[in-house]
Amino acid sequence: MTTSTTTSTRPNLGDEPNMAELGQFPTAAALTYDGNGFFRHGRSHRILAGAIHYFRVHPGQWEDRLSRLKAMGLNTVDTYVAWNFHQPRATDVPDFSGWRDLERFIELAGSLGMDVIVRPGPYICAEWDNGGLPNWVTGRDDIALRCSDPVFQSQVEEWFDHLLPIIERQQAANGGPVVAVQIENEYGSYGDDHSYIRWNRDALLDRGITELLFTADGGTDYYLDGGAIEGTLAAATLGSRGDEAIEIWKRRRPGEPFLNIEFWNGWFDHWGEKHNTRDAADAAAEIRKILDGGGSICLYMAHGGTNFGLGSGSNHDGTKLQPTVTSYDSDAPVAEHGALTEKFHALRAEFLRLGTGSQEIPAELLARTPTLSPRQLALTRGPRMLDVVRHAAAPVRSLRPLSFEDLGLPAGMILYRAQASLPDRDTTIRIVDLHDRAYVHVNGQFVGLLDANSGWDGVTVRGDGSEVELEIVVENQGYINYGPRYGERKGILGGVLIDQRYVFHWDQTPVALADFDAARLAELQTAASGSTPETHTPETHTPNGLATATFLIDEPADTFIALPGFAKGFLWINGVLLGRYWQEGPQVTLYVPGPLLSPGENTIVVLELENFGVELELELRAQPELGSTTRHQESLL
């Protein structure tokens with residue numbers, strides 16, 4: 001590692017000595033601390049950071065969104081690294097190109113004169129699918145997650161061998177903007193294996209990480225008991241009562257400054273609930289308490305972005321699964337589509353009060369981002385959902401039903417297919433240990449919808465004593481990303497019963513929705529169209545399946561897609577899976593970043609799982625609609 005001869009054109013931050021002009025960089029960590037605060041290259045420093053995740057922002061918008069964070073008065077950018085975004089399958093070589101070019105994202109932040117904090121996990125939570133870990137790791141039978149298990153540690157080491165060289169060469173000691181790296185993530189809310197946290201710290205050190213290391217946990221004694229270790233800075237995650245947490249830190253962590261590495265100025269949303277918001281003045285008042293107490297802070301989120309594709313995870317409240325919506329707007333100061341909100345200006349005033357940042361916001365950031373003119377688009381209906389998934393891939397044969405992990409499928413759906421005899425009477429088809437949502441068909445006809453809570457209740461059908469073809473399409477609604485049920489598998493985990501009798505000998509067709517590009521969607525449209533689709537009128541049944549719309553534009557710009565009357569499904573724009581939609585709400589519109597569009601013709605493909613809207617059309621809107629709101633209430637142990 002070169003530390004004495006590297007040069008850089010990175011802008012100078014504050015009034016530190018310009019080490020690039022001196023032709024060298026210091027060998028010590030850029031950030032140090034004592035009980036009173038942080039120092040940056042030996043000079044008193046306050047960390048004013050904002051979280052933004054490169055995997056939730058189109059790379060064509062990275063620089064714009066980073067510029068908006070800087071305009072808020074922030075001096076530091078914070079990002080997680082999602083392992084499964086770079087290596088979704090065990091056979092994949094980790095990919096750091098294109099949208100996954102973490103190094104370019106870090107360099108862009110540095111080019112704007114901002115420091116960078118990287119949080120490599122391997123577990124990140126972040127409301128991201130499976131908390132960032134690939135399901136081929138969490139789904140192993142021989143593994144214990146997030147502890148001193150040699151199998152788990154060996155998997156993490158292999159990943160770190162690919163990831164950490166990128167972070168290492170972007171450290172401040174090498175002329176880059178990375179000034180701090182987090183150890184694991186909120187471990188105190190999961191476990192108490194301190195030897196594992198120390199191992200994680202050593203894994204970073206052994207791979208050349210020399211900048212400031214820290215852990216992050218909730219702002220109470222309980223979380224510190226599980227996640228904090230000796231000799232390493234402990235940071236806090238909280239959205240209120242920061243002044244109380246500062247007192248706890250004085251008692252529990254003497255000699256350390258207070259760093260609120262996640263200040264929850266907003267919150268995320270689950271399908272079937274309301275859109276969470278937080279009053280701007282309330283968030284600003286809490287921030288003022290922390291800053292007046294001498295603390296440093298990181299806004300979570302400063303810009304939330306979007307759970308593109310199948311990136312959104314799920315929670316579980318003890319009784320039911322709570323899938324996270326496609327939008328990750330999170331009521332952040334910089335909205336999902338880049339707008340500077342009332343909260344942006346309220347929080348900016350708190351940071352400028354400290355004498356940071358410019359008093360002027362660049363005019364281009366204040367200007368309203370162009371959007372496409374609103375319009376309605378008629379959809380052309382294609383093959384039904386069941387026919388589409390039948391052609392998605394070659395089936396895999398097994399005696400008992402296979403899980404997503406068994407099939408090496410990171411996300412999407414599975415079509416389970418078997419022959420079963422139904423007695424000459426009413427009988428119940430049950431699914432044992434279903435994860436998450438199942439569409440049950442008998443001889444090609446839909447007979448019922450089941451989820452994890454209703455799988456045992458089953459669906460009742462009338463048999464005639466003959467053998468039928470049983471087809472079950474199971475949707476993975478997002479892996480759990482937080483809590484004691486973290487690591488649960490997906491699919492049919494226990495089996496399928498005809499009353500009390502198990503069905504054996506299954507064909508499974510993996511439906512890798514995130515891999516479907518424009519060419520593959522066209523192939524499926526053709527392959528699954530066994531007959532001419534019926535004419536769709538309000539008087540006929542409104543079926544499910546593929547549907548396509550095209551539209552012409554002169555110049556790309558943002559837009560927001562609404563699907564009035566549609567029930568549940570997935571939407572692609574020009575072959576890129578935008579995400580999920582669901583009439584459960586609260587989210588009504590899906591955000592389409594302008595860089596996903598092209599001059600000329602653009603194509604939207606919808607895979608509706610249940611029922612199309614009566615009018616079979618969608619809308620391009622000029623404004624987002626994220627649903628009716630509620631104020632999120634933080635709970636503390």
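The structure presented is a predicted model; accordingly, all values stated were derived computationally and were not measured. Reckoned from all heavy atoms, side chains included, excluding hydrogens, waters and symmetry mates.
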Between N476 and H435, is there a side-chain donor-acceptor contact under 3.5 Å, judged purely by atom types and distance?
no

Can you name the nearest heavy-atom pair linking F566 to E617, along with the distance?
CE1-O, 3.7 Å

Fit a plane to each ring of F560 and Y591, take the angle between them on a 0 to 90° scale, and name the class: parallel (under 30°), tilted (30 to 60°) or perpendicular (over 60°).
tilted

Polar contact flag, side-chain donor to acceptor under 3.5 angstrom, S312-E127
no

A216 to T237 - nearest heavy-atom pair and separation:
CB-CG2, 4.2 Å

Strictly below 4.0 Å, N to O, side chains only: are D515 and R89 in salt-bridge contact?
yes

Please confirm whether F105 and W62 have ring centers closer than 6.0 angstrom.
yes

Is the shortest distance from a Lys or Arg side-chain nitrogen in E608 or K568 to a carboxylate oxygen in the other one below 4.0 Å?
no

Distance-only polar pair, side chains of Y479 and N135, donor-acceptor under 3.5 Å:
yes

Hey, is K490 close enough to E405 for a salt bridge, meaning N to O under 4.0 Å?
no

Taking the inter-plane angle between the rings of W83 and W159 on a 0 to 90° scale, is it parallel (under 30°), tilted (30 to 60°) or perpendicular (over 60°)?
parallel

Any non-hydrogen side-chain atom of Y187 less than 4.5 Å from a side-chain atom of T215?
no

Residues R437, D451: salt bridge by 4.0 Å N-O rule:
no

Please check: side-chain N/O of N453 versus main-chain N/O of T319, any donor-acceptor pairing under 3.5 Å?
yes

Is a donor from one side chain sitting under 3.5 angstrom from an acceptor on the other, for N307 and T326?
no

Are the charged groups of D517 and R520 less than 4.0 angstrom apart, N to O?
no

Residues in side-chain hydrogen bond (donor to acceptor under 3.5 Å, both in side chains) contact with N185, at least two apart in sequence or another chain:
Y80, R119, Q182

Does atom CG (D192) have a neighbourhood of more than 12 heavy atoms from anything else shown, all under 6.0 Å?
no

Examine F308 together with W99 and report whether their ring centres are nearer than 6.0 Å.
yes

Within 45 degrees of the ring normal and closer than 6.0 Å to the centroid, is that where the cationic atom of R100 sits relative to F85?
yes

When you check the side-chain N and O atoms of Y439 and E471, is any donor under 3.5 Å from an acceptor?
no

Test side-chain contact (heavy atoms from CB on, under 4.5 Å), reference L626, set V588, D329, N276, output is D329

Under-4.0 Å salt bridge between R425 and D499:
yes

Before accepting this row, confirm whether a basic side-chain N of the pair D142/R140 lies closer than 4.0 Å to the acidic partner's carboxylate O.
yes

Of all the heavy-atom pairs spanning S314 and P323, show the shortest one and how long it is.
OG-CA, 3.3 Å

Could I get the full list of side-chain hydrogen bond (donor to acceptor under 3.5 Å, both in side chains) partners for H58, not counting sequence neighbours?
none

Distance-only side-chain donor-acceptor flag, W128 / N84, under 3.5 Å:
yes

Please check if any side-chain donor atom of N602 sits under 3.5 Å from a side-chain acceptor atom of N574, or the reverse.
yes

Are side-chain N/O atoms of D95 and H86 paired as donor and acceptor at under 3.5 Å?
no

Salt-bridge criterion met for D161 and R207 (N-O under 4.0 Å):
yes

Can you tell me if S454 and D457 form a side-chain donor-acceptor pair at under 3.5 Å?
no

Where is the tightest heavy-atom contact between R400 and W506, given as atom of each residue plus distance?
C-CD1, 3.9 Å

Aromatic rings F570 and W572: how do their planes relate, parallel, tilted or perpendicular, breaks at 30° and 60°?
tilted

